[in-house]
Every structure is written in structure tokens, then in C-alpha cells.
Amino acid sequence: MIDFARVQKELQECSRDMEASGIKVAPKSDNLARLTGTIPGPISSPYEGGTFQIDITLPDGYPFEPPKMQFATKVWHPNISSQSGAICLDILKDQWSPALTLKTALLSVQALLSAPEPDDPQDAVVAQQYLRDHQTFVGTARYWTETFAKTSSLGVEEKVQKLVEMGFPEALARSALESVGGDENSALEKLCSG
């Protein structure tokens, strides 16, 4: 059974430190087993300036089992699937310890963005590019960050209007934007995938 008192405490700790760390964790709904984590792209990396959303699902055994995390924001990185957002990180698997928290796990994911491990890849294509053609890798990672991880400066109403102009019903456009934290690209992907 999930220790919900601990989860509440962790959420409070994250919101206290949010200004300093930039890391945010919030429930997707009133179900504390489904959360959304947000991490800023690390400075001096191709991900700098991006804001990355991570889907978090807590298993029944949490905190004795690791949280399941995957990127909701598309990211070009050797240890993250460019297709599914799956993350290859030891502490999310066999190196998890109940002493770790959602915040420390998200800090580790953020550190992974800064320090890829191409020899233990989640995405072999990206890992090959990282090893063989590093400049192209950096350019692609920056492009994906610009395209998928930067929220445009448009306000919510303008974003809703853009989606409505593309033919989506207003209520659907609004709920899609809300569910992805206002990220236009993710909302469009969500609407297109039905």
C-alpha cells in the first residue's frame, strides 16, 4: 500500500524548495499515485531553457519500490527513449532505496540530462549519434528542446484559439492544454492521438 502521508510530505518539501531547485511535483488529479514532475533543463547543456514534464506513477509498494517515471516532454538523449519517454536510470530500477524521494529522483533525472551515459543507452540511435557525431547530437537535442520543452509566450486564451482554428472543439482544446501544463505542442500531440 502506498504511504500517502509520506507522499504528501514529499509534495510539501518540493513546493517549499521550488524557487531554489526549479523542481515541481503535483498530483495529476485527486489521486496521489499519479503525479507530474517538472524539471528545468540543466544550465550549459543542450536542454538549457527547457521545461520538461515527467509522468510519475507510484506503485503500491512505494516507497519500498521505485516510482515509475517517464518523460511526457519529447527529449533527444541517449538514456531516454525518443519514442516513449522511458528513462534508463539505475535509481529508478535496482538502485532505488526508500531513503530516496521523488525530489531526489527528479534531481537524478535532471543530472542525467547533463551527463548522458551512452554506453548504457535507452535509445540506441541517439547514443550512436552522441558517440559518433557529437555536434549533430547537440544540435538535435537543442532543436528538440526549442520545439518541445519551451512553452511559447502566448497566453492560454491565444493557445486555445490556435487549437480551435485547427479544428478542435474549444472545451477539448482547453482540457488538453490544462492536462499538459499549457504546452501547446504536447496539447496538440494529445489531441491528435485521440
Side-chain angles (χ1 to χ4, degrees), residues 1-41 50-75 77 79-113 122 148-151 156-157 159-160 163 168-194:
M1 189 65 200
I2 297 173
D3 181 348
F4 285 116
R6 172 175 159 152
V7 175
Q8 286 280 23
K9 200 170 147 203
E10 286 192 38
L11 294 177
Q12 288 166 348
E13 180 199 335
C14 273
S15 52
R16 257 200 321 272
D17 301 344
M18 204 188 90
E19 286 302 309
S21 69
I23 290 177
K24 193 165 74 177
V25 182
K28 281 194 170 189
S29 59
D30 54 0
N31 177 359
L32 281 181
R34 307 263 306 134
L35 308 162
T36 300
T38 307
I39 59 171
T51 301
F52 298 87
Q53 304 263 317
I54 296 166
D55 284 330
I56 304 169
T57 305
L58 300 180
D60 282 345
Y62 185 82
F64 300 101
E65 288 174 44
K68 294 181 180 7
M69 293 189 177
Q70 71 180 59
F71 274 81
T73 307
K74 286 173 89 60
V75 61
H77 187 284
N79 307 105
I80 300 155
S81 168
S82 58
Q83 302 301 306
S84 69
I87 304 166
C88 181
L89 183 62
D90 57 359
I91 66 152
L92 295 179
K93 296 186 176 75
D94 55 343
Q95 294 301 308
W96 173 259
S97 148
L100 298 170
T101 63
L102 294 169
K103 183 179 171 197
T104 54
L106 287 168
L107 283 166
S108 296
V109 170
Q110 186 185 40
L112 182 67
L113 287 178
Q122 175 73 38
F148 302 113
K150 291 196 177 177
T151 45
V156 174
E157 292 310 312
K159 290 177 187 177
V160 169
L163 292 168
F168 297 105
E170 183 178 340
L172 215 56
R174 197 173 294 283
S175 75
L177 275 165
E178 282 169 15
S179 73
V180 295
D183 179 12
E184 242 176 302
N185 291 311
S186 299
L188 187 56
E189 265 181 46
K190 193 178 180 96
L191 288 164
C192 289
S193 63

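These numbers come from the heavy atoms of this one structure, side chains and all, not from hydrogens, waters or symmetry mates. When a residue number appears, it is its place in the shown sequence, counting from 1.
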Visitor: With rounding to the nearest 0.5 angstrom, report the OG1 to CE distance, T57 to M69.
Guide: 10.0 Å
Visitor: Could you grab the distance from atom CZ of F52 to atom CD1 of I80, nearest 0.5 Å is fine?
Guide: 8.0 Å
Visitor: Which value, rounded to the nearest 0.5 Å, describes the distance between I54 atom CD1 and F71 atom CZ?
Guide: 4.0 Å
Visitor: Measure from the side-chain N and O atoms of Q70 to the backbone N and O of S84, and report whether any donor-acceptor pair falls under 3.5 Å.
Guide: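 Flag set: sc Q70 to bb S84 pair under 3.5 Å.
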Visitor: Which pair of heavy atoms, one from P59 and one from P66, lies closest together, and at what distance?
Guide: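 P59 and P66 have their closest heavy atoms at CG-O, 3.3 Å.
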Visitor: Check P27 against N31 and note the closest heavy-atom contact, atom names and distance.
Guide: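 Between these two residues, the closest heavy atoms are CB-O, 4.4 Å.
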Visitor: For the residue pair D3 and P63, what are the closest heavy atoms and their distance?
Guide: CB-CD, 4.0 Å
Visitor: Tell me, with the steps shown, if L188 and F168 meet side chain to side chain contact (heavy atoms under 4.5 Å, CB included).
Guide: CA-CA 9 Å; L188 187 56; F168 297 105; 3.7 Å; yes
Visitor: Which residues satisfy the side chain to side chain donor-acceptor pair (under 3.5 Å) test with K74, sequence neighbours excluded?
Guide: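 K74 satisfies side chain to side chain donor-acceptor pair (under 3.5 Å) with no other residue.
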Visitor: Run the side chain to side chain donor-acceptor pair (under 3.5 Å) test against E170 and tell me which residues pass, sequence neighbours left out.
Guide: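 Applying side chain to side chain donor-acceptor pair (under 3.5 Å) to E170 gives R174.
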Visitor: For the atom pair CG (L113) and NE2 (H77), what is the distance rounded to the nearest 0.5 Å?
Guide: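 It is 5.0 Å, given to the nearest 0.5 Å.
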Visitor: I'd like to check the side chain to side chain donor-acceptor pair (under 3.5 Å) partners of S15; sequence neighbours left out, ordered by chain and number.
Guide: none
Visitor: Provide the closest heavy-atom pair for Y62 versus L100 in the form atom of the first, atom of the second, distance.
Guide: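 Distance-wise, the nearest heavy atoms are OH-O, 4.5 Å.
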Visitor: Identify all side-chain donor-acceptor contacts of residues 101-112 below 3.5 Å with residues at least two apart in sequence or on another chain.
Guide:
unit_1	atom_1	unit_2	atom_2	d
T101	OG1	K103	N	3.3
T101	OG1	T104	N	3.1
T101	OG1	T104	OG1	3.3
K103	NZ	D17	OD2	2.6
T104	OG1	T101	N	2.7
T104	OG1	T101	O	2.9
S108	OG	T104	O	3.0
Q110	NE2	P40	O	2.9

Visitor: In chain order, what residues pass the side chain to side chain donor-acceptor pair (under 3.5 Å) check against S186, with sequence neighbours excluded?
Guide: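 S186: side chain to side chain donor-acceptor pair (under 3.5 Å) contacts with D183.
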Visitor: Charged N to carboxylate O under 4.0 angstrom, E10 versus R6?
Guide: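 Yes, charged N to carboxylate O under 4.0 Å.
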Visitor: Measuring only between side-chain heavy atoms, which start at C-beta, is L35 closer than 4.5 Å to L58?
Guide: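 Of all side-chain heavy-atom pairs linking L58 with L35, at least one is under 4.5 Å.
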Visitor: Atom NZ of residue position K28 - does it have more than 12 heavy atoms of other residues, nucleotides or ligands inside 6.0 Å?
Guide: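 Correct, the count exceeds 12.
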Visitor: Which distance, rounded to the nearest 0.5 Å, do you find between the CD of E13 and the CG of L11?
Guide: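 Atom-to-atom, E13:CD and L11:CG are 10.0 Å apart.
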Visitor: Please give me the minimum heavy-atom distance between V7 and I2, naming the atom from each residue.
Guide: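 For V7 and I2, the tightest heavy-atom pair comes out as CG2-CG2, 4.0 Å.
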Visitor: Carefully, step by step, assess V75 and F148 under the rule side chain to side chain contact (heavy atoms under 4.5 Å, CB included).
Guide: CA-CA 8 Å; V75 61; F148 302 113; over 6 Å; no
Visitor: Might you point out which heavy atoms bring M18 and I23 nearest each other, and give the distance in Å?
Guide: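 Nearest heavy atoms, M18 then I23: CG-O, 3.3 Å.
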Visitor: Which pairs count as salt bridge (charged side-chain N to carboxylate O under 4.0 Å, His left out) when at least one residue sits in residues 81-102, sequence neighbours excluded?
Guide: none
Visitor: Can you tell me how far apart OG1 (T51) and NZ (K150) are? Round to the nearest 0.5 Å.
Guide: 9.0 Å
